[in-house]
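The next block holds one structure in the form of structure tokens; read it before the comments.
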Amino acid sequence: MDERMMERALELAQEAFDDGEVPVGAVVVRKGEIVGEGRNRREKGKNALYHAELEAIDNACKHLGGWRLWECELYVTLEPCPMCAGAIVNARIPQVYFGAYDPKNGCCGSVADVLNLPLAFHPAYQGGVMQEKCSGILSEFFKRLR
């Protein structure tokens, strides 16, 4: 686990925050190098698919020239939802690190555990990485909305 990578995901989350989006950021890392980045863009893009993880995975696939990200790790500031967890499985990302737990939609143990369903691939994951910072930016965003 490399805290610098979660720091970069937090920078992307801050960019989303500054743009009026729910502050979630994600990076895909291969051998210590960031090969894909993403941030939440659902509101501006008016598209349910514009999640940070999907953007980071898409960018990594394009950068590496293939859909199998079997040598990569994903760092994301919020526990992946069902759609993003499914994308992680399908991209064959073997390791996921996330910051804040999502008790309403999280699918790495909070509501469901998509990464451990009886599917062909089972990524490992670790939650609570830099949890205070990751939760803090989300709390601040929703506080300002109210």
Side-chain angles (χ1 to χ4, degrees), residues 1-30 32-64 67-70 72-117 119 121-146:
M1 205 284 299
D2 186 340
E3 283 193 6
R4 294 173 303 147
M5 300 307 168
M6 188 60 85
E7 287 287 354
R8 178 59 187 147
L10 278 161
E11 289 172 5
L12 292 162
Q14 184 64 52
E15 288 178 20
F17 182 104
D18 295 342
D19 202 23
E21 299 280 356
V22 174
V24 180
V27 296
V28 176
V29 177
R30 180 176 162 229
E33 175 191 352
I34 294 174
V35 294
E37 296 186 334
R39 67 178 185 83
N40 192 11
R41 298 177 192 272
R42 289 187 306 175
E43 298 302 326
K44 293 265 170 116
K46 303 206 181 315
N47 191 315
L49 301 177
Y50 290 3
H51 286 218
E53 299 96 322
L54 296 184
E55 185 174 69
I57 290 168
D58 183 54
N59 288 335
C61 290
K62 289 174 181 170
H63 179 83
L64 297 173
W67 64 269
R68 289 180 189 89
L69 302 179
W70 61 276
C72 298
E73 302 170 326
L74 175 71
Y75 291 79
V76 60
T77 58
L78 180 64
E79 181 179 0
C81 72
M83 174 177 65
C84 293
I88 291 163
V89 170
N90 281 295
R92 306 298 194 266
I93 298 173
Q95 181 67 54
V96 177
Y97 299 100
F98 68 87
Y101 288 88
D102 185 349
K104 294 182 180 179
N105 296 303
C107 282
C108 293
S110 287
V111 175
D113 196 351
V114 171
L115 302 187
N116 280 314
L117 288 174
L119 302 170
F121 187 76
H122 300 99
Y125 62 87
Q126 178 183 339
V129 176
M130 298 176 64
Q131 184 173 356
E132 192 171 306
K133 285 185 177 182
C134 293
S135 296
I137 192 170
L138 287 159
S139 295
E140 181 62 27
F141 178 80
F142 289 112
K143 189 167 109 180
R144 288 187 184 190
L145 279 182
R146 295 179 187 117

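- A side-chain donor-acceptor contact under 3.5 Å links T77 to the backbone of G25.
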Test side-chain contact (heavy atoms from CB on, under 4.5 Å) on V129 and Y75; report intermediate values, then the result. CA-CA 9 Å; V129 176; Y75 291 79; 5.6 Å; no
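- Between P23 and A16, the shortest heavy-atom distance links the atoms CA-CB, 4.0 Å.
- Between the side chain of N40 and the backbone N or O of V22, at least one donor-acceptor pair lies under 3.5 Å.
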Derivation of the side-chain contact (heavy atoms from CB on, under 4.5 Å) call for L69 and I57: CA-CA 8 Å; L69 302 179; I57 290 168; 4.0 Å; yes
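- The nearest pair of heavy atoms linking C134 to G99 is SG-CA, 3.7 Å.
- For W67, the CH2 atom sits in a packed shell: over 12 heavy atoms of surrounding residues, nucleotides or ligands are nearer than 6.0 Å.
- Enclosure of atom CZ in F121 by more than 12 non-hydrogen atoms of other residues, nucleotides or ligands within 6.0 angstrom is indicated.
- Contact check for Q131 versus Y101: side-chain heavy atoms found under the 4.5 Å cut-off.
- Nearest heavy-atom pair across Y125 and F98 is CD1-CE2, 4.0 Å.
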Pair C84-V76, side-chain contact (heavy atoms from CB on, under 4.5 Å): steps then yes or no: CA-CA 11 Å; C84 293; V76 60; over 6 Å; no
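- Residues D18 and Q14 bring a donor and an acceptor atom of their side chains to less than 3.5 Å of each other.
- The closest donor-acceptor contact from the side chain of E53 to the backbone of A26 lies at 3.5 Å or more, if one exists at all.
- Atom CD of residue E37 and atom CG of residue N59 lie 8.0 Å apart, to the nearest 0.5 angstrom.
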Applying side-chain contact (heavy atoms from CB on, under 4.5 Å), run through L115 and C108 and close with a yes or a no. CA-CA 6 Å; L115 302 187; C108 293; 3.6 Å; yes
Apply salt bridge (charged side-chain N to carboxylate O under 4.0 Å, His left out) to residues E7 and R4 and explain how you reach the verdict. CA-CA 5 Å; E7 287 287 354; R4 294 173 303 147; over 6 Å; no
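- Checking side-chain atoms of D58 against main-chain N and O of L54 turns up no donor-acceptor pair under 3.5 Å.
- For the atom pair CD1 of I88 and CD of Q95, the computed distance is 10.5 Å after rounding to the nearest 0.5 Å.
- Atom CD of E3 has 12 or fewer neighbouring heavy atoms from other residues, nucleotides or ligands inside a 6.0 Å radius.
- Here CZ of R30 is found 7.5 Å from NE2 of H63. Values are rounded to the nearest 0.5 Å.
- Taking every heavy atom of both residues into account, V114 and L119 meet most closely at O-CD1, 4.1 Å.
- Shortest non-hydrogen contact noted between P80 and A85 is CB-N, 4.0 Å.
- In plain terms, the two heavy atoms of L12 and G38 that are nearest each other are CD1-O, 3.7 Å.
- Shown are R41, R39, M83; of these, the side-chain contact (heavy atoms from CB on, under 4.5 Å) with H51 is made only by M83.
- Although no hydrogens or angles enter the test, the distance criterion places a donor-acceptor pair under 3.5 Å between the side chain of E21 and the main chain of R42.
- A distance-only check finds no donor-acceptor pair linking the side chain of D19 to the backbone of E15 [under 3.5 Å].
- Annotation: side chain of Y97 is not in contact with side chain of D2 (no heavy-atom distance under 4.5 Å).
- A salt bridge is defined here as a Lys NZ or Arg NE, NH1 or NH2 lying under 4.0 Å from an Asp or Glu carboxylate O, and R8 with E11 meets this definition.
- The CD atom of E140 sits 5.0 Å away from the CZ atom of F17 when rounded to the nearest 0.5 Å.
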